[in-house]
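Keep in mind that what you see is a predicted model, and the values were worked out from it rather than measured. Proteins get letters first, then strands, A, B, ... in listed order; numbering begins at 1 in each.
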Amino acid sequence: MALQVYNSLTRQKEAFQSIIPGKVGMYVCGPTVSGESHLGHARPFITFDIVYRYLKHLGYSVRYVRNITDAGHFEEEGRESEDKISKKAVLEKMEPMELVQKYTNLFHWAMREFNNLEPSIEPTATGHIVEQIVMIEKIIADGYAYVVNGSVYFDVDKYHRDFGAKGMQYGILSGRVLEEQLETTRELESQDEKRNKQDFALWKNAAPEHIMRWQSPWGIGFPGWHIECSAMSTKYLGEEFDIHGGGMDLQFPHHECEIAQSAVCNHRIPARYWLHNNMITINGRKMGKSYNNVIKLSELFAGTHELLTQGYSPMTVRFFILQTHYRSTLDFSNEALQAAEKGLRRLWDAFTQLNKFDISNNNITAGDLDLEAQCYTVLSSLDEHMNDDLNTARVLAGLFELVPVINSIKDGLVAKNALTTATMLMMKEKFNTYLVDIFGLREERKQDDQKLSAVLQLIADIRKDARAKKDFATSDKIRNQLLEAGIQLKDEKDGGVSWELI
RNA sequence: GGUCCUGUGGCCGAGUGGCUAGGCAGAGCUCUGCAAAAGCUUCUACAGCGGUUCGAAUCCGCUCGGGACCUCCA
């Protein structure tokens, strides 16, 4: 089975086929850098990092565009409208661009911690004001936007009538019916500038106190919320590209508006496959600013938030996210994170052990046919699971099924020749491919340097002598005190000793 | 109120109508001087009530609960 993905646009799983064979264009909505990223933000960036890595693994040449929104959105509609970034800048007594730089740097730091690959292009909204203005001018020229008091609004109703006939009705992505929307919406204040409630801003006139402002054909102002993505995706990926990604909460109105804007300019829906990750919840509720329940990434790693009983490493968080399918909600709790931490360690230890095995002997026939068959079945199912809408949870479950096999071979509970060399090599290959290449997991425990190793080897030898003399008081003292210092000694079955920094 | 999603064992979570996912925790056992680690075994759940079916966690209906979007949001 080839790769299938769930396309929000068609509401079904579809075989993935790129527009240009061998090449994929992918656009993912990036962060608004008016504040520090939180756990909820981590999910799309990790999810689409997996998509990126997997497509590359499949041999595609991928152009991955992920924007930085640094121009600011409306905090509230209408008269009281404020730009998030300029408001925050005043509070922190910073230049807007200084503030944006600060949070962009923090965002990049978090992405590196998560071991996310860098996108091919990371365009900023402020760097594409001209492109946005050009696009808005075209929409006005075609009659789908109107200017009021230095602001420009998109005429959703006219768009819907004209483009609905061409199969691009407003609501096509989110499954909303415009007519029903109109009936159910309540009266909002400060809607006087818009012809209709559902119209959205392409360009917003800036009040004098606004700090972020640009000259435009309609006066001084700043771009509307949705136009940057349309402008930048068109510029770097073309009028039609393969994948558009983002969180489910962006499906409406953000992506819906993007489709409308791009459709007017390019006469087509900009992306073929629309992929949306689900939310991370905390006590069953979405993590978000409006709920005041966010855990910032720096707090999460350090364990400094009041909801945290400890810190969780970036790889633990990454693994935690991968253990769930990306379209399911994922509920945060200390218990769940701790389970992920332990699970990851167990899996990673087995993986490390697997890589230490010497698989040079040439077993053509398996010593244990049942086990051989069982392992082979699991190994060959991994790609199927990944191709089934990126089911990372099932791939991980499959890898976990092999952990006892690896550990048993290590401890001599299963004979070294139980499996054929071909299966052993396949196991090694699959573990490396999935854990390292596709899932982007990496060792993050402190590396024990050479000097420390020498010291520990000496101590282990002394302890071994003590044990040989049945001087368990001394041997236990060594082990217990090292444990207090964060070094765990483990007596191996073969009489050797291993240690682990914890 | 409208649109949509969802309800799985102590916790987290996968599940294409039939073949006990997986992780964490718990219990027992094995190995071990004792631990740790590891292995084996165990805990066999699908909100409730109906219906379809030879067979339903999976399909349909109703009831109850939870959530998302409709407004900034990953």
| field | Atom C1', compared across B:A68 and B:U30: separation rounded to whole Å | value | 49 Å

| Any side-chain N or O of A:N278 under 4.0 Å from OP1/OP2 of B:C5? | no

| Euclidean distance, atom CD of residue A:E384 to atom P of B:G15 [Å, nearest integer] | 15 Å

| 5'-most contact on RNA chain B: A:A42 or A:Y326, nearest heavy atom basis? | A:Y326

| remark: Among B:C69, B:C34, B:G22, the one nearest any side-chain atom of A:A397 is B:G22

| request: Round to the nearest Å and state the distance from A:E341 atom CD to B:A25 atom P. | output: 11 Å

| Whole Å only: how far is the NZ atom of A:K470 from the P atom of B:U32? | 12 Å

| said: Students often get this wrong, so: under 4.0 angstrom with heavy atoms, is A:G40 touching a base, only sugar-phosphate, or nothing? | reply: base

| message | Within 45 degrees of the ring normal and closer than 6.0 Å to the centroid, is that where the cationic atom of A:R176 sits relative to A:F252? | response | yes

| query | When the ring centroid of A:Y273 is compared with that of A:F16, is the distance short of 6.0 Å? | reply | yes

| task | Output the single nucleotide from B:G39, B:G33, B:A14 whose closest atom is nearest the side chain of A:A393. | result | B:A14

| field | Ring-face cation of A:R66 near A:F48 (centre distance under 6.0 Å, axis angle within 45°) | value | no

| query | How would you label the contact of A:S328 with the nucleic acid (heavy atoms, under 4.0 Å): base, sugar-phosphate, or nothing? | reply | sugar-phosphate

| query | With respect to the phosphate group of B:A68, does any side-chain polar atom (N or O) of A:Y291 fall under 4.0 Å of OP1 or OP2? | reply | yes

| said: Say we look at B:G61 and B:G28: how far apart would their C1' atoms be, to the nearest angstrom? | reply: 46 Å

| field | Interatomic distance at P, B:C12 relative to B:C19, whole Å | value | 25 Å

| field | Check: A:D491 side chain, B:C34 base, donor-acceptor under 3.5 Å | value | yes

| said: Here's a test for you: under side-chain hydrogen bond (donor to acceptor under 3.5 Å, both in side chains), which of A:T392, A:D49, A:N387 qualifies with A:Y54? | reply: A:N387

| query | For B:C43, which nucleotide is its Watson-Crick or G-U wobble mate, given both distances must be under 3.5 Å? | reply | none

| said: What's A:N480 touching, base or sugar-phosphate or nothing? Going by heavy atoms closer than 4.0 Å. | reply: nothing

| field | Rounded C1' spacing from B:A14 to B:A57 in Å | value | 12 Å

| task | Between B:U71, B:C34, B:G13, spot the one nearest the side chain of A:T324, thanks. | result | B:G13

| A:R346 has a side chain; which of B:A74, B:C69, B:C24 sits nearest to it? | B:C24

Between the protein and nucleotides 6-11 of chain B, are there any N/O to N/O pairs under 3.5 Å, and if so, what are the atom names and distances?
residue	atom	partner	partner atom	Å
B:C11	O2'	A:E335	OE1	3.3

| field | Phosphate-side-chain proximity, A:R394 and B:G13, N/O vs OP1/OP2 below 4.0 Å | value | no

| query | Nearest of B:G39, B:A35, B:C70 to any side-chain atom of A:P253? | reply | B:C70

| task | Apply the test side-chain hydrogen bond (donor to acceptor under 3.5 Å, both in side chains) to residues A:T329 and A:N278: give CA-CA distance (whole Å), side-chain angles for both, the deciding distance (0.1 Å), then the verdict. | result | CA-CA 5 Å; A:T329 54; A:N278 215 318; 5.3 Å; no

| Contact under 4.0 Å: A:R327 side-chain N or O vs B:G15 OP1/OP2 | no

| request: Output the single nucleotide from B:A14, B:A68, B:G33 whose closest atom is nearest the side chain of A:K286. | output: B:A68

| query | Rounded to the Å, how far apart are A:L330 CG and B:C5 C1'? | reply | 16 Å

| Span that lies between the P atom of B:A38 and that of B:A25, in whole angstrom | 9 Å

| task | Report which part of the nucleic acid A:R479 touches: base, sugar-phosphate, or nothing (heavy-atom distance under 4.0 Å, all strands). | result | base

| task | Taking atom C1' in both B:G18 and B:G26, compute the distance separating them and give it to the nearest angstrom. | result | 32 Å

| Does A:R176 place a side-chain N or O at less than 4.0 Å from the phosphate oxygens OP1/OP2 of B:C70? | no

| Nearest-nucleotide pick for A:I280, side chain only, options being B:A74, B:G39, B:G23 | B:A74

| task | Just say parallel, tilted or perpendicular for the rings of A:H41 and A:H38, cut-offs at 30° and 60°. | result | tilted

| query | Taking atom types as modelled, is there a side-chain donor on A:H255 or A:H226 under 3.5 Å from an acceptor on the other? | reply | no

| request: Ignoring the backbone of A:E401, work out which of B:U71, B:G22, B:G33 is nearest its side chain. | output: B:G22

| message | Tell me whether A:F472 and B:G33 count as stacked here, given that the ring centres must be under 5.5 Å apart and the planes must differ by less than 30 degrees. | response | yes

| said: Expressed as a whole number of angstroms, how long is the span from A:L9:CG to B:C4:C1'? | reply: 16 Å

| message | Between the base of B:G15 and the side chain of A:N391, is one N or O donor paired with an acceptor at under 3.5 angstrom? | response | no

| request: Report yes if at least one side-chain N or O of A:K342 is closer than 4.0 Å to OP1 or OP2 of B:A25; otherwise report no. | output: yes

| query | Any side-chain N or O of A:N407 under 4.0 Å from OP1/OP2 of B:G39? | reply | yes

| query | Is the distance between the ring centroids of A:F431 and A:W348 under 6.0 Å? | reply | no

| remark: Partner of A:Q353 under side chain to side chain contact (heavy atoms under 4.5 Å, CB included), picked from A:I409, A:V403, A:D411, A:I406, is A:I406

| request: Could you give the distance separating B:C60 and B:A37 at their P atoms, to the nearest angstrom? | output: 46 Å

| message | What is the separation between atom CG on A:L402 and atom C1' on B:A21, rounded to the nearest whole Å? | response | 13 Å

| field | Modelled atom types, side-chain donor and acceptor of A:S151 and A:N205, under 3.5 Å | value | no

| remark: Using Watson-Crick geometry (N1-N3 plus N6-O4 or O6-N4) or G-U wobble (N1-O2, O6-N3), each under 3.5 Å, B:G7 is paired with B:C64

| Considering Watson-Crick and G-U wobble pairs with both distances under 3.5 Å, what does B:U16 pair with? | none

| request: Would you kindly give the CD-to-P distance between A:Q198 and B:G2, to the nearest whole Å? | output: 20 Å

| message | Could you check, using the six-membered ring where one of them is a Trp, whether A:F154 and A:Y159 have ring centers closer than 6.0 angstrom? | response | yes

| said: Side chain of A:D411 only, heavy atoms from C-beta on: which candidate in B:C69, B:A38, B:A14 is closest? | reply: B:A38

| Euclidean distance for P, B:G65 against B:C29 (whole angstrom) | 46 Å

| query | B:C40, B:A68, B:C34: which one has an atom nearest the side-chain heavy atoms of A:P404? | reply | B:C40

| query | Rounding to a whole Å, what distance do you find between A:H38:NE2 and B:A74:C1'? | reply | 7 Å

| said: Is a donor from one side chain sitting under 3.5 angstrom from an acceptor on the other, for A:D383 and A:Y434? | reply: yes

| Within the structure shown, what part of the strands sits under 4.0 Å from A:M248 by heavy-atom distance: base, sugar-phosphate, or nothing? | nothing

